[in-house]
Peer 1: 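Below you'll find the structure I mean.
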Amino acid sequence: MEHTPRKKRGPWIDLALITSILTLLSLIILFLVSDDENGFSKSQITAAEPLIDSTITKENSTFPGIHIISDISDDHKVPFSIQYPQIEDEKFNSIIEEYIQASKRAYINDMHKDKNKDSDTTRSDGLTIQFDTYQHDNKYFSFVFTERISKNTEEIKTKIKTVFYDVEAGKILDIRTLLGEDTKSLETFANHVRARLKTSPSLQKTIQKEKVDLATEPRWILFDQFAVHNDDLLIYFDEGTIAPAEDGPISINISLSFLNPLLASEFQTQMIEAEKAPGGQVEGQKKRVALTFDDGPHPQVTLQILQCLEKYKAKATFFMLGSRVQQYPDIALKVKNNGHELGNHTWSHPILPKLTEAQIMQEFTTTEKAIFDATGQEATVFRPPYGATNEAINQRIPKDSVLWSIDTLDWKHKNAEKLIAQVKQHMHNNAIILMHDIHQSTADALPAVLDFLSKEGYEFVTVSEILPYR
Ligand code: NI
């Protein structure tokens, strides 16, 4: 009785032993195989890139010290055309290279994935990366990369990447540095950007206001796509972040002079002090004056003023009322076509501090739209009627609010002689002179004013051009 179960157990134990050995073996094999699989796919990812043959060339750009690297695919099934800058800074180059390679890898991997599904539709896919270079102050370069992926000749994805480079320091700078690492400045800045997006007439059809609110919260990371171009700060928003994705990435520009109080000192407009100090008396220094005309356009007076300005090759700034632009869009267009600066002077010329915030924004936004509709161009500056404004209004209106330094009182005297006398009496360098292109007497006085000022050696510039010197 004792032996029987033992004898029966013998093969049982053997079986169990064999089974467990087999299990262990198969586990080991499975482990090895899966590891091998991992290793295989890993090497496939890293190998994917060299699998695509491409031609890499290097040439000079129009900017000294910046080379353009072109990387163009030789494989028509995986087409790409990539350009990126290379400079004398290894750190910069490796950051750019990293970005380019990551984009390329993601694209190639996507193509391989797609190929497994259906080989026919992927034929005309393509990746292009191009970049624009903007120089600022001889010290900074902005590189703006546009990355496009297309499928069957239709663009399906566009991405923007920007790099702002300080040539002297040899460093890439972010928006935090630009705004002096100041969270208060960030808040104000975020508000400006939000207001600009919501009031810019060219964006009204595209932007989605709820999205704008989210995309312009005061967080550094939301504003890290930027460039500096022509004394404007350009801010880029990714596809789908403030507008429907099919509208692509969206950018807005805000003038640096408007942002001046928020900027770190090294980015604030610098020539001011150098030129302002001696009062324009030093030899070889430029004398400038900005003529401004408010409350128009007017069908006769504005035209007469335009003729006179043309004769003296003088540029001026016209602060227009939206209601009058709507009435005389062709005159507004002529002002723009003659190369003058366009300013927003509200819709109905109210005393702004007496209005509600909503009414103020209504006055501003409707005029922005009227000017844009008439001229195809946005106003660049703002002037509150009667010069009546306050801190809260200046915070709300997302453009430079420009007053004046010489009031000709043309609206009061309506007398050409008195207008000229006012100018002669109060003239100083970098003056902003207030006139109105709705009084015949102003148009009549203008030749004498221009004659006097040009003989005194003044150059006639727009308000935006004179702001840095004030
Ligand atoms: Ni006015």
Side-chain angles (χ1 to χ4, degrees), residues 199 289-306 308-309 315-329 331-332 334-336 340-356 359-372 374-375 378-390 392-394 396-416 418-419 422-423 426 431-446 449 460 462-464 466-467 470:
T199 58
V289 57
L291 304 175
T292 67
F293 299 94
D294 289 13
D295 300 358
H298 184 285
Q300 287 92 46
V301 180
T302 306
L303 285 181
Q304 194 180 326
I305 286 172
L306 287 178
C308 179
L309 291 171
K315 291 287 170 265
T317 305
F318 290 76
F319 288 97
M320 302 177 178
L321 293 176
S323 54
R324 293 189 68 93
V325 173
Q326 193 186 44
Q327 211 175 343
Y328 305 110
I331 311 285
K334 197 155 181 12
V335 170
K336 180 230 140 183
H340 302 293
E341 184 164 33
L342 305 174
N344 179 328
H345 194 43
T346 73
W347 185 268
S348 62
H349 211 272
I351 299 170
L352 292 179
K354 289 190 174 176
L355 302 187
T356 65
Q359 289 170 321
I360 291 167
M361 290 321 284
Q362 177 80 2
E363 285 280 339
F364 175 77
T365 310
T366 49
T367 305
E368 289 285 279
K369 187 176 182 318
I371 291 172
F372 183 78
T375 66
E378 265 189 50
T380 41
V381 280
F382 175 74
R383 177 174 279 170
Y386 316 102
T389 186
N390 57 40
I393 294 170
N394 289 342
R396 284 286 156 229
I397 304 281
K399 275 182 188 170
D400 272 317
S401 271
V402 184
L403 302 182
W404 54 86
S405 66
I406 297 174
D407 186 350
T408 58
L409 301 174
D410 61 340
W411 51 277
K412 193 163 141 194
H413 301 310
K414 295 197 180 115
N415 177 308
K418 284 188 175 164
L419 194 162
Q422 280 287 327
V423 172
H426 298 285
I432 298 178
I433 300 181
L434 170 65
M435 290 174 275
H436 295 83
D437 56 334
I438 47 169
H439 305 305
Q440 185 56 47
S441 52
T442 301
D444 293 341
L446 197 59
V449 171
F460 303 98
T462 65
V463 148
S464 282
I466 221 165
L467 280 182
R470 295 187 51 78

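Ligands are counted one by one from 1 in listed order, and the atoms in each one are counted from 1 as well. Reckoned from all heavy atoms, side chains included, excluding hydrogens, waters and symmetry mates.
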Peer 1: Counting no waters, what protein N/O/S atoms lie under 2.8 Å from the Ni ion (ligand 1)?
Peer 2: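 N, O, S partners closer than 2.8 Å: Asp295 OD1, His345 NE2, His349 NE2.
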Peer 1: Is Thr302 close to Phe293 at the side-chain level, that is, under 4.5 Å between some pair of heavy atoms?
Peer 2: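 Side-chain contact under 4.5 Å: no.
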Peer 1: Kindly determine whether Ile438 and His298 satisfy side-chain contact (heavy atoms from CB on, under 4.5 Å), including the steps that lead there.
Peer 2: CA-CA 6 Å; Ile438 47 169; His298 184 285; 4.2 Å; yes
Peer 1: Can Gln304 and Asp444 be counted as having a side-chain donor-acceptor contact under 3.5 angstrom?
Peer 2: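 Side-chain D/A pair, Gln304 to Asp444: present.
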Peer 1: Mind listing the closest non-hydrogen atom pair of Asp295 and Arg324 along with its distance?
Peer 2: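 What the structure gives for the nearest pair is O-CD, 3.0 Å.
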Peer 1: Which residues pass the side chain to side chain donor-acceptor pair (under 3.5 Å) test with His436, not counting sequence neighbours?
Peer 2: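 Asp410.
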Peer 1: Are the side chains of Arg396 and Ile360 in contact, using a 4.5 Å heavy-atom criterion?
Peer 2: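 Result no, sub-4.5 Å side-chain heavy-atom pair not found.
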